[in-house]
Amino acid sequence: MGRESNVNPNYDILALITLDKDRILGGKQLSLLAHNEEEQKEMTADIAKALKGEIVRMKTTNDYLIIRASK
């Protein structure tokens, strides 16, 4: 059998790295509070590499998400 053409990948949010403590709400993802933008970017890159995830920057909040396609 072939793969269905209308299958959309689902993503798991592995981590949220933010500068605003009010955006840490809970859930199963790792939520981290960075002190400044440089620390935020370094933390994001290190964690994404360790978890083998993709980095997504949210334009509206300047937060970073680390996601991975779920199976």
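These figures come from a predicted structure and were not determined experimentally.
- Grouping the Ile, Leu, Val, Met, Phe, Trp and Tyr side chains by contacts below 4.5 angstrom, directly or via other members, places Ile17 apart from Met58.
- In terms of modelled atom types and a separation under 3.5 Å, the side chain of Ser70 and the main chain of Asp12 share no donor-acceptor contact.
- Sorted by first and then second residue, the pairs that involve residues 44-60 and meet side chain to side chain donor-acceptor pair (under 3.5 Å), not counting sequence neighbours, are Arg57-Asn62.
- Note on residues 21-33: pairs passing salt bridge (charged side-chain N to carboxylate O under 4.0 Å, His left out), not counting sequence neighbours, are Asp20-Arg23, Arg23-Asp63.
- In the hydrophobic clustering of ILVMFWY residues, with side-chain heavy atoms under 4.5 Å counting as a link, Leu30 and Leu14 come out together.
- The hydrophobic clustering, which links ILVMFWY residues whose side-chain heavy atoms are closer than 4.5 Å, places Tyr64 and Leu19 apart.
- Annotation for Ile13: atom CD1 does not count as buried by contact number, only 12 or fewer foreign heavy atoms lying within 6.0 Å.
- Among Glu39, Gln40, Lys41, the one residue that satisfies the side-chain contact (heavy atoms from CB on, under 4.5 Å) test with Met43 is Glu39.
- Applying the side chain to side chain donor-acceptor pair (under 3.5 Å) test to Glu42 and every residue at least two apart in sequence or in another chain returns nothing.
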Legend entry - Verdict with supporting geometry, Ile24 and Thr18, side-chain contact (heavy atoms from CB on, under 4.5 Å): CA-CA 8 Å; Ile24 298 178; Thr18 184; 3.8 Å; yes
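- Residues passing the side chain to side chain contact (heavy atoms under 4.5 Å, CB included) test with Ala48 are Ile55, Ile66, sequence neighbours excluded.
- Between Ser31 and Gln29, the shortest heavy-atom contact is OG-NE2, 3.2 Å.
- Grouping Ile, Leu, Val, Met, Phe, Trp and Tyr by side-chain contacts under 4.5 Å, direct or through others, leaves Leu25 on its own.
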